[in-house]
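To find a chain, count down the sequence lines: A is the first, B the second, and so on, and within it residues start at 1.
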Amino acid sequence: MVNLHTLVTKIKAQSATPDVLAESLKGMEGSLSNQGLVTQGMQALDPVQHSLGYLYLLEARGCAINLDVPSFVDSALPFVQVCDEQQIRAAPHKFVSLCRKMRECLQGQNQMRRAVLPLRMALAKLAPSPESLTPLHAELFQVCLLARTLNAASGVLDAEVLEIDPVRTATTARDFLLYCYYGGMVHTGRKQYARALGLFLHGLTAPTQVVNAITVATYKKYALVSLVHAGEVPPLPKYTATPVSRCLKTEAAAYQELATAYGKPAAGLQRVAAQHQAVFAEDGNTGLVKLALAAHAMRAIQRLTQTYMTLPLAAIAAEAGLASAAEAEHYLLRMVDAGDIFAQIDAGPDMVRFLEDPEAYDSAAAVARIDDAVQRSMALSQRLQAAHRAVAADRAYLTKHMARERHARYDDTGDVGGESQIAPYPFF
Amino acid sequence: MEPEPVAPQDAAEPLLDLEAYASGYTGHARVARLLFIATKTAGSPTELEALRLAADQLRKGENTAQYAEVMELIDGRLGPQYTLDRVWVEAVDRRAATVQERLEADLSGYKNNMIKESIRMGHHELADFHYARGAVQSAFKCYVRSRDYCTSPRQVTDMCLAVIRCAVENSAFVHVNNYVSKAEQTPDAVRDKVVAAKLKCSGALAALEAKKYKTAAKRFTEVSVELGNGYADVVAAADVALYGGLCALATMERPELRSAVVDNVAFREYLDAHPEMREVVYEFYGSRYAACLARLQRLLPLLRMDLHLAPHVGLLYLQVRSKALIQYTAPFVSVDLRTMAAAFSADVGALERELAELVAARQVQARIDSHAKVLYARLADPRSATFANALRIGEEYLRDTRALLLRTQLIQHDLVQRAPGGRGPRAPSLPHNRDSLGPMAA
């Protein structure tokens, strides 16, 4: 057992060298279950100057208290915003655990909104670079989803994750899956379906030996968002882990049936959707299913623009499987508004005139768009080169590669004179 | 199968002169085709006529089992002349049993003596015997067995052709393809025009059966003129014209149609054996679509009774019609749907729907003005398309590369989900992880 004086002195003395302090604090963790010690220690320490020590005490407190004690939240919220990032990075596990506790407390008190900003700042402090993944990503997205403040996550989502460092950020495989799942959902909420699909796909194809419930849930979202965005569910890439692709047939049967029905006329689709309504509701996907059904009609209308120049509203309604001309008009207005199609409605004979896409790629905006795409591709390409070089210089990889090459060369000699094995009479 | 007493189905049936039709075939093919017609026309006079001709043919051979079947189908409807002749059946069966015994004994004798040529002959004779008795499956096996004892290319092609004949009869078209390619490797298949033509025909039939109409069309049109009606125990000359012509109309583009069918001297000879099809082809090529389609419609009941074509007629007709529509619209910038409907003798509304489907399937590059009933050709803008395509590919590259980098990182740091419990988290430098990293980086 350590007394208050030793603890505080040690923390104050070693705050400048966080790694050393983290080691010694790890040894004293047993004593931190003493609540009196923790409270007094926190009073004696400064959250900014002695962030690491403060973090240990606060986290110990969070572990001990009942979840609805507001005083913990009141000290944790300011702490994660002001703490010193150099110090807390010496104990990423503790920091993540603290943030989780904080989020759980606020969730219990139904005050999610209060967690958004502190979590965002905590994330910035923990991440070594804006592109690295932390467990706090998933936490933040979840909070944003629950608090319905999706745009608060936009900055973090836009800096796409390209680096994962489990040692420095305490990230686990589960954190990655959650990042993909919640991130995809935030994108979906913000109607950025292509990016949502990208994130979902990362989660689905993550290497794994067992199937995680998160993966299955991700697939369900992925299937529905694919239907909304592209009108079909593309098959998963070849590098998807076998257990995942194998289990989806049984785990997400309703979704696969919906995807099959999607390519067919509207009546059948409605029937399948109604048939599995209970499943969709249980997974909390009713809203997405509704969106997918609406997208089906829009897709039909979009196909019509490729086929017809003029078409009466009633015919559009019939082709798209809509109930009335008025409904078709409603869809048309929405799609023209969104820039999905280009059309004019002639109210006299109720005729719709579809126009061609006026984009001619000759404006400054188009050039800027292309330039932007080129720049991004080049940047990513450079990163790929760097990664390639890093692997090429990796000792373990080189050893393995050399061994294999030597083996291959040895095998080659066996082929000499192989032609003589071919039968001289080439009939059968 | 019990024939139902149904009134004659349609007046178009007299089109078919069964006797002339049957005379185009020999051997098993004649019986098989007649019986197929009988099943398709159950209850009509045509059925009885077909059965009568089949019975006549069978009476000349040794296939007593099929003879009994046909007699049962006739069921006394053709008078006392066509009832089961038990005495004849028993006599034939008895004779067959002795012959089979003798052949089998001969064969085992040859096998003991290990004389290759005799063994081959023995197998072959036994196979021929089975084939004549209608045991096609056994014949097939015996022919295949003789394969190991073939010594000259001639024998190989003979064996292959015999196997193919059996396989076609059994509808085992995988074997047909197999043995066609085997036979085509022998030098004989190049030298002997008739053999080559037979192989082409068989290959084409297999392609037709597999719904590969384009391949079928190509192979049928390549059949050389020397064959004539020499393959009547499988397909008649008229069939080559019919199958080849229809498949070609359904799948070939205009220049191809010209070189492979219209200007093809050999194929023209075959077309002359089937004047109806010849007219259809020339009318199609001359863009007289209404007449062509009407003629095809008249042919339809006949084709539904064709042993090999029946299951494909519907699909092929659809394709021919689409081809005609596509070719009609191709040269125009704008087409008045009413004029077009007249040219196809179709209803404007129905035509519009048909065209809409073709446009949606991107087979016709045009858009329909449903208000004015005009079809406007759509000029593709390669510049815009290129831009859009480049942007799309760029996005794909970004997405794929990001996925690659992320996966590499996950594997590198061993962030892999494992079953809980077990052996706990493993060290990151496990060999199998390095393995999965290797090919990605290389």
Point-to-point distance, once rounded to the nearest 0.5 Å, from [atom1] of [X] to [atom2] of [Y]:
| X | Y | atom1 | atom2 | value |
| --- | --- | --- | --- | --- |
| A:D165 | B:Q412 | CG | CD | 9.5 Å |
| B:R402 | A:L199 | CZ | CG | 9.5 Å |
| B:L405 | A:E160 | CG | CD | 11.5 Å |
| A:M351 | B:S370 | CE | OG | 5.5 Å |
| A:H388 | B:L404 | NE2 | CG | 11.0 Å |

Which one of A:S377, A:A373, A:A194 has the most heavy-atom pairs closer than 4.5 Å to chain B?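 Of the candidates given, the most pairs with chain B belong to A:S377.
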Out of A:L162, A:V167, A:L133, which one racks up the most heavy-atom pairs below 4.5 Å with chain B?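 Ranked by contacts with chain B, first place is A:L162.
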Taking 4.0 angstrom as the limit, do A:R376 and B:E395 come out as a salt bridge?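 The answer is yes: the pair qualifies as a salt bridge.
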Proximal component of [X], with respect to chain B [non-hydrogen, under 4.5 Å]:
| X | value |
| --- | --- |
| A:V374 | neither |
| A:L304 | neither |
| A:P243 | neither |
| A:S381 | both |

Say whether B:R362 and A:Q306, considering side chains only, have a donor N or O and an acceptor N or O under 3.5 Å apart.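 No pair is found: no donor N or O on one side chain lies under 3.5 Å from an acceptor on the other.
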Decide yes or no for [X] and [Y]: does some side-chain heavy atom of the first lie under 4.5 Å from some side-chain heavy atom of the second?
| X | Y | value |
| --- | --- | --- |
| A:R353 | B:D369 | yes |
| B:F387 | A:R369 | no |
| B:R367 | A:T307 | no |
| A:P166 | B:L415 | yes |
| B:V416 | A:Q209 | yes |
| A:E356 | B:D381 | no |

Any donor-acceptor N/O pair, [X] side chain to [Y] backbone, under 3.5 Å:
| X | Y | value |
| --- | --- | --- |
| B:H413 | A:I164 | yes |
| A:T310 | B:H371 | yes |
| B:R383 | A:Y361 | yes |

With respect to chain A, which residue among B:L355, B:V359, B:V364, B:L358 yields the maximal number of heavy-atom pairs within a distance under 4.5 Å?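 When all of B:L355, B:V359, B:V364, B:L358 are compared, B:V359 has the most.
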So which residue, B:A388, B:A372, B:A390, B:A183, ends up with the most heavy-atom pairs under 4.5 Å with chain A?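 Among the listed options, the one with the most contacts to chain A is B:A388.
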Which atoms of B:L398 come close to chain A, meaning under 4.5 Å heavy atom to heavy atom: side chain ones, backbone ones, both, or neither?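 Looking at B:L398, backbone and side chain both touch chain A.
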Which answer fits B:A366, side chain, backbone, both or neither, if we ask what part of it has an atom under 4.5 Å from a heavy atom of chain A?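 Contact with chain A is through the backbone of B:A366 alone.
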At their closest point, which heavy atom of B:R407 faces which heavy atom of A:A206, and how far apart are they?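 So the minimum-distance heavy-atom pair works out to NH1-C, 4.4 Å.
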Using a cut-off of 6.0 Å, state whether more than 12 heavy atoms not belonging to B:R378 lie near its atom CZ.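 Result for CZ/B:R378: enclosed.
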Are more than 12 heavy atoms, taken from residues, nucleotides or ligands other than A:R174, located less than 6.0 Å from that residue's CZ atom?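 No, not enclosed.
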Using side-chain contact (heavy atoms from CB on, under 4.5 Å), reason through B:L406 and A:F176 one step at a time and then give a plain yes or no. CA-CA 10 Å; B:L406 263 181; A:F176 179 71; 4.0 Å; yes
